There are 2 protein chains.
Amino acid sequence: MSLRHALLGLLSERPASGYDLLKLFDTSLATVWPATQSQIYTELTKLADAGLITVAAEGPRGRKEYALTEQGMAELRHWLTETAPQRNTRSDILLRVFFLGVLTPGQARAYLTELVEMSAQGEESLRHLAESIDWDDDNLSTYGRIVLEYGLRFNAMRRDWAEWAAGQIT
Amino acid sequence: MSLRHALLGLLSERPASGYDLLKLFDTSLATVWPATQSQIYTELTKLADAGLITVAAEGPRGRKEYALTEQGMAELRHWLTETAPQRNTRSDILLRVFFLGVLTPGQARAYLTELVEMSAQGEESLRHLAESIDWDDDNLSTYGRIVLEYGLRFNAMRRDWAEWAAGQIT
DNA sequence: GAAGTCATGTAACGGGTTACATGATTTG
DNA sequence: CAAATCATGTAACCCGTTACATGACTTC
């Protein structure tokens, strides 16, 4: 049920249309919470029906600009303060590691080396991202930077780990 | 589509029933790829229909022990060597960080401190897990240890990051 | 013989992905 | 006026979760 909260969160900054939100997802939330166009539009309709957002303005081409209602803001705060985040996330990448034993040691090492590569690239592209963004002083920027720092540290950790793991295979 | 590969992977070690697999999931794969009982049983039926596994033996109470077929092993190897793992995983925890700006600085700091706590506990319980397991010399153990090391490093990284992030909030 | 464990299966529902479908407005 | 972009909506399908349902065997 987090998509709805992601939408509420983005709308808490400023009103936006489905189209705007789709782009915000692709640019800022993509790595943390990807969402598709169809998903966003259907969820926006549900949120409006539930009274958590409203159509604040209409524009050309049927554009509907949504804004957060008081109720929506309350729900967002409730989610942030009263509900526990869940720790378990599925990881395709780690699942494979469990079963590397069915491969030859060389192949297993190759997989881990690929992960080193992937993590290094991830770090690299986050650095580029950090430079390309013109960080405003708004909330999304402040906390966006903190999330980005997480990404940097995460990739560095994974790179080191994969390097170590590759060395473990004899 | 990774549940099927998780099942194939576990069956590559030794034959097992749905019931056995359910427990293996709960004990060894829970943090990386959780699965429910209903999911496991339905997927096993599909895998058997597809010829990737077969009922190798039947036991009391309708117990069906499944074993990997050659085809199943081929599919497992194919998955491990030829298909790219996908990097993006959704994170409830990080999504919240983006929107901490709607809370007071104190509340935001409280959330991050909670994450410090959660990560420290995660690390702790992984240490206990490591001690409680009697590590065999089989493949699952070798690579299981590597995955566990990942968990330790991950939690340590997240703890440090959350501590740092809490300090960023003025 | 009661309680616990072993053992399997199915149905309803919710969220996410892919694909289809349409059309208005702006820009070169 | 053609191409690009803006803009929304819906349908089919897959995967995962929760809940329901049933019964055989073992242990105390």
Side-chain angles (χ1 to χ4, degrees), chain A residues 1-8 10-11 15-27 29-50 53-66 79 83-84 86-92 95, chain B residues 1-8 10-11 15-27 29-50 53-66 79 83-84 86-92 95:
Chain A
M1 282 283 280
S2 285
L3 172 65
R4 66 185 313 139
H5 298 112
L7 289 168
L8 293 175
L10 289 176
L11 288 172
S17 67
Y19 193 81
D20 295 339
L21 290 163
L22 176 59
K23 287 183 157 180
L24 284 170
F25 266 87
D26 285 346
T27 55
L29 297 188
T31 51
V32 161
W33 205 273
T36 60
Q37 177 262 342
S38 95
Q39 227 184 329
I40 291 172
Y41 280 104
T42 43
E43 191 62 36
L44 283 172
T45 312
K46 284 187 204 162
L47 284 168
D49 286 350
I53 61 177
T54 42
V55 179
E58 306 208 13
R61 279 164 291 203
R63 176 187 171 93
K64 286 189 253 176
E65 206 165 73
Y66 292 99
W79 174 65
T83 66
Q86 58 174 56
R87 69 247 307 115
N88 64 326
T89 45
R90 288 187 166 78
S91 170
D92 193 0
L95 180 61
Chain B
M1 280 283 280
S2 286
L3 172 65
R4 65 185 315 140
H5 297 113
L7 289 169
L8 294 175
L10 289 175
L11 287 172
S17 68
Y19 193 80
D20 295 339
L21 290 164
L22 176 58
K23 287 180 158 183
L24 283 170
F25 266 88
D26 284 346
T27 55
L29 298 188
T31 51
V32 162
W33 205 272
T36 60
Q37 177 260 342
S38 95
Q39 227 184 328
I40 290 172
Y41 281 104
T42 43
E43 191 62 35
L44 283 172
T45 313
K46 281 186 205 163
L47 283 168
D49 287 348
I53 61 176
T54 41
V55 178
E58 305 207 14
R61 281 164 289 203
R63 177 188 170 91
K64 286 189 254 177
E65 206 164 72
Y66 291 99
W79 174 66
T83 67
Q86 58 174 57
R87 70 253 298 122
N88 64 326
T89 46
R90 287 188 166 77
S91 170
D92 193 0
L95 181 61

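Computed from a prediction, not measured in an experiment: that's the story for all the values here. Per chain, numbering begins at 1; letters A, B, ... match sequence-line order.
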I need the [atom1]-[atom2] distance between [X] and [N], as an integer number of Å.
X     : N      : atom1 : atom2 : answer
A:Q37 : C:dG16 : CD    : P     : 15 Å
A:Y41 : D:dG9  : OH    : C1'   : 9 Å
B:L24 : C:dC6  : CG    : P     : 13 Å
B:L47 : D:dC14 : CG    : P     : 15 Å
B:D26 : C:dC6  : CG    : P     : 13 Å
A:I40 : D:dG9  : CD1   : P     : 13 Å
B:R61 : D:dA24 : CZ    : C1'   : 6 Å
A:E43 : D:dT10 : CD    : P     : 14 Å

Residue B:Q39, side-chain heavy atoms: nucleotide from D:dA7, D:dG16, C:dT8 that is nearest: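 Closest nucleotide to the B:Q39 side chain: D:dG16.
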Nearest listed nucleotide, side chain of B:Y19, among D:dC15, C:dA7, C:dA11: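 Looking only at heavy atoms from C-beta outward on B:Y19, the closest nucleotide is C:dA7.
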Using a 4.0 Å heavy-atom cut-off across all strands, classify [X] as base, sugar-phosphate, or nothing.
X     : value
B:S38 : base
A:R4  : nothing
B:T42 : base

